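Notes for the one structure printed next.
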Amino acid sequence: MAASVATAAAAAAAASQKLSPLTTPPHDKPFCSSFSKTLLKPCHPVTHTRKVHWTGVSAASKNPISDVSDDYDDKPREECGVVGIYGDPEASRMCYLALHALQHRGQEGAGIVSVHDNVLKSITGVGLVSDVFNESKLSQLPGDMAIGHVRYSTAGASMLKNVQPFVAGYRFGSVGVAHNGNLVNYQSLRARLEENGSIFNTSSDTEVVLHLIAISKERPFFMRIVEACRELEGAYSMVFLTEDKLVAVRDPYGFRPLVMGRRSNGAVVFASETCALDLIEATYEREVMPGEVLVVDKDGVGPLCLMSHPEPKSCIFEHIYFALPNSVVFGKSVYESRRSFGEILATVFPVDCDVVIAVPDSGVVAALGYAAKAGVPFQQGLIRSHYVGRTFIEPSQRIRDFGVKLKLSPVKAVLEGKRVVVVDDSIVRGTTSSKIVRLIKEAGAKEVHMRIASPPIIASCYYGVDTPSAEELISNRMSVEEIREFIGSDSLAFLPIDSLKEHLGEDAPNFCYACFSGKYPVLPRGKVKRVGDFLDDGLSGSLESIDGGWLSGTRN
């Protein structure tokens, strides 16, 4: 009953004029406007390569979307982080600590599943890791195996039942799963499973994986996971837990990160980032390879490479924004990458200035690189409050830029009378950047020059990152000069994508740049984001509301 790739693509093309989907802007846009002037190798030979070029219709209007959130956090959102631990007598506590280290990847839901006496026990909740768990709850999760999950979401009434890890029983036992990523063929898989009698409890694409495992006839168990993963398209780094095994899987393209480490007591640890290994004193061993399945049991770690996979396409935004600077992601230091991005900006787009500041916290390392290369002092010109949640009570009398002021405070002593370079990691809608520029000028800055440590974002992500529709992305609607005018800076420059690839060297082909180019390694079939739509994060919204934002292929 699921629509074919060709049918869905045809439906997308037929509706493109109406929906104005993913848009590729002219390639001759300048990257600067001025008012004045080592990835690991695949675990087996490449057997298949799929190249997809997705070109949409350019947005006619040059005006930015006006009715967007005033929230300061106008950034792409990584959906989640996962942890898996095998062979540690305090597995759930180690899992809890590792989730703390991954809290930046998701702040609105957390959960842990452990195994004790061949029974899977689960505790999940809404909120930060420290809100969900305490000593009493962790004592209810004994055993030497555990998996955990943190997730970002928008608010919604159905949040709690969708918090991962998910646990399900099937005829040979129970299985738990925690998933980082997004399946682009989720709708077609769900439609087929429902036609055959499957009943779904959540709106999360992860539940599809459990159904595929349950109906598989493969033996032993881990072959059920392999068979299920062969039907999945898109991004997934997953950890599974059974009565006696921990299984880690990474999608054939390696979109989302997943690393393996080992504690001094021999416990095996999987995590989305190496910073989680550091906190629990686990030694980093290696990446889980794209297309690899790792099975951990009493006999040790068994690597399996049973899924054919093309050239890796790891998410470059892990190095630009998502990961913590102290992590090693895709075999590269995140800190070194961001510092290099700042140095490139200072080399390619220099400007006479007195001080370099960062938009905290994600712009700090790039700003340090810019300042060092330019020979200009780096100062803390913006102070970020770490005690403001995602919601707050506004005063009845409207205060301009209240949301930004609540979270960012300018330092007049640093800014007054100065020519200031402000380094940020990215510009999404442009609304926050305009408010930051205004704050700095109101603090007395003589000039404000914005430098962005990523190329312009012109397309939505469909691989586990919550980005707006292409129409809401300011770089898809405006030239760099138009963006500069909109945000009010004296100059504006983005990291040139050619310079980014040059920095990555021989690893450059192994990264995904879809958000900068609109060219997708895996076709986002069956769905195109529109203004106001959200990517299903499994924590909010009904299936109907999700369908409303996607193109539906004709069902047979």
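What you see below is based on every heavy atom in this structure, not just the backbone, and it leaves out hydrogens, waters and symmetry mates. Residue numbers count from 1 along this sequence. The structure displayed is predicted, hence computed values, not measured ones.
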Legend entry - Under-4.0 Å salt bridge between R192 and E194: no
Legend entry - C229 and Y236, any side-chain heavy atoms less than 4.5 Å apart: yes
Inset, instruction - Output yes when a side-chain donor or acceptor of S460 lies under 3.5 Å from a complementary backbone atom of P468, and no otherwise. - result: yes
Inset, instruction - Using the six-membered ring wherever Trp is involved, compare the ring planes of F330 and H319 and label them parallel, tilted or perpendicular (cut-offs 30° and 60°). - result: tilted
Inset, instruction - Quick one: list whatever passes side-chain contact (heavy atoms from CB on, under 4.5 Å) with C95, sequence neighbours left out. - result: V83, I85, I112, A146
Inset, instruction - Of all the heavy-atom pairs spanning P509 and K313, show the shortest one and how long it is. - result: O-NZ, 2.8 Å
Legend entry - Exam field: side chain S327 to backbone C275, donor-acceptor pair closer than 3.5 Å: yes
Inset, instruction - Over all heavy atoms of both residues, which pair between N182 and Y462 is shortest? Give the atoms and the distance, please. - result: ND2-O, 3.3 Å
Legend entry - Exam field: side chain E273 to backbone L324, donor-acceptor pair closer than 3.5 Å: yes
Inset, instruction - Supply the atom-to-atom distance M145 CE to D297 CG, rounded to the nearest 0.5 angstrom. - result: 9.5 Å
Inset, instruction - For residues I147 and V82, determine if any side-chain heavy atom of one lies less than 4.5 Å from a side-chain heavy atom of the other. - result: no
Inset, instruction - May I ask you to test the F133-L141 pair for a side-chain heavy-atom distance under 4.5 Å? - result: yes
Inset, instruction - Check whether any side-chain N or O of S314 sits under 3.5 Å from a backbone N or O of F511 as a donor-acceptor pair, and report yes or no. - result: no
Legend entry - Sidechain-backbone polar pair: Q103 side chain, V129 backbone, donor-acceptor under 3.5 Å: yes
Inset, instruction - Give, for atom OG of S337 and atom CG of L504, the distance between the pair rounded to the nearest 0.5 Å. - result: 7.0 Å
Side-chain atoms of residues 257-268: list all donor-acceptor pairs with protein atoms under 3.5 Å, sequence neighbours left out, distances to 0.1 Å.
residue : atom : partner : partner atom : Å
R262    : NE   : E285    : OE2          : 2.8
R263    : NE   : I280    : O            : 2.8
R263    : NH1  : D88     : OD2          : 2.5
R263    : NH2  : I280    : O            : 3.4
N265    : OD1  : A267    : N            : 3.0
N265    : ND2  : D88     : OD2          : 3.0

Legend entry - Carboxylate-amine/guanidinium proximity below 4.0 Å for K332 and E336: no
Inset, instruction - In plain terms, say whether E207 and R190 are close enough for a salt bridge, that is, a side-chain N and a carboxylate O under 4.0 Å apart. - result: no
Inset, instruction - List the atom of S174, the atom of E243, and the distance in Å for their closest heavy-atom pair. - result: N-OE2, 3.0 Å
Legend entry - Sidechain-backbone polar pair: E108 side chain, R151 backbone, donor-acceptor under 3.5 Å: no
Inset, instruction - Could I get the full list of side chain to side chain donor-acceptor pair (under 3.5 Å) partners for E218, not counting sequence neighbours? - result: none
Inset, instruction - Give a yes or no answer on whether the side chain of Y463 reaches the backbone of V522 with a donor-acceptor pair at less than 3.5 Å. - result: yes
Inset, instruction - Using modelled atom types only, decide if a donor and an acceptor are shared between the side chain of S237 and the backbone of N180 within a distance under 3.5 Å. - result: no
Inset, instruction - Mind checking side-chain contact (heavy atoms from CB on, under 4.5 Å) for S122 and listing every partner two or more places apart, or none if nothing turns up? - result: V113, T124, V167
Legend entry - Residue pairs fulfilling side chain to side chain donor-acceptor pair (under 3.5 Å) with at least one residue in residues 134-147, sequence neighbours excluded: R93-E135
Inset, instruction - Test N510 against E311 for side chain to side chain contact (heavy atoms under 4.5 Å, CB included), laying out the working first. - result: CA-CA 6 Å; N510 297 327; E311 189 175 59; 3.6 Å; yes
Inset, instruction - I would like to know whether H100 and S130 meet side chain to side chain contact (heavy atoms under 4.5 Å, CB included); could you show each step before the answer? - result: CA-CA 8 Å; H100 264 293; S130 56; 3.9 Å; yes
Legend entry - Side chain proximity check, L183 to H179, heavy atoms < 4.5 angstrom: yes
Legend entry - Sub-4.5 Å side-chain heavy-atom contact between V296 and K245: no
Inset, instruction - Kindly compute the distance separating CG (N196) from CD1 (I215), expressed to the nearest 0.5 Å. - result: 7.0 Å
Legend entry - salt bridge (Lys or Arg N to Asp or Glu O under 4.0 Å) between R256 and D251, intermediate numbers included: CA-CA 8 Å; R256 309 253 63 86; D251 70 77; over 6 Å; no
Inset, instruction - Using atom types as modelled and distance alone, determine if a side-chain donor or acceptor of D424 lies under 3.5 Å from a backbone N or O of G363. - result: no
Inset, instruction - Please test M94 against V269 for side chain to side chain contact (heavy atoms under 4.5 Å, CB included), starting from the C-alpha separation and ending with a verdict. - result: CA-CA 9 Å; M94 292 297 106; V269 183; over 6 Å; no
Inset, instruction - Could you give me the CA-CA distance, side-chain angles and deciding distance for V115 and L241, then say whether side chain to side chain contact (heavy atoms under 4.5 Å, CB included) is met? - result: CA-CA 8 Å; V115 179; L241 193 64; 3.5 Å; yes
Inset, instruction - Measure the shortest side-chain to side-chain distance between P290 and P252 over non-hydrogen atoms and say whether it is less than 4.5 angstrom. - result: no
Inset, instruction - Heavy atoms only: give me the nearest L277-A271 pair and the separation to one decimal. - result: CD2-CB, 4.3 Å
Legend entry - Geometric class of the Y321/F317 ring pair [parallel <30°, tilted 30-60°, perpendicular >60°]: perpendicular
Legend entry - Distance-minimising heavy-atom pair for V132 and G127: CG2-O, 4.0 Å
Legend entry - Between T242 and D244: side-chain donor-acceptor atoms closer than 3.5 Å: yes
Inset, instruction - Flag the pair Q380 / V411 as yes when at least one side-chain heavy-atom distance between them is below 4.5 Å, and no otherwise. - result: no
Inset, instruction - Kindly say whether V365 contributes a backbone atom to a donor-acceptor pair with the side chain of R338 at under 3.5 angstrom? - result: no
Inset, instruction - Taking side-chain contact (heavy atoms from CB on, under 4.5 Å) as the test, write out the residues that go with P303, two or more places apart. - result: R286, E292, L294
Inset, instruction - Any chance you could measure S204, atom OG, to F166, atom CZ, to the nearest 0.5 Å? - result: 4.0 Å
Legend entry - Reported CG-to-CD1 distance for the pair L408 and I383, which is rounded to 0.5 angstrom: 9.5 Å
Legend entry - Spatial distance of atom CG (L500) from atom CD1 (I316) [nearest 0.5 Å]: 5.0 Å
Legend entry - CA sep, side-chain torsions, deciding dist, call: H104, F322, ring pair (Phe, Tyr, Trp, His ring centres under 6.0 Å): CA-CA 8 Å; H104 60 285; F322 297 136; 9.5 Å; no
Legend entry - salt_bridge(E227, K217) N-O dist < 4.0 Å: no
Inset, instruction - Could you check if a side-chain atom of M238 sits within less than 4.5 angstrom of a side-chain atom of F240, using non-hydrogen atoms only? - result: yes
Inset, instruction - Please report the shortest heavy-atom distance between S114 and P142, naming the atom on each side. - result: OG-O, 3.1 Å
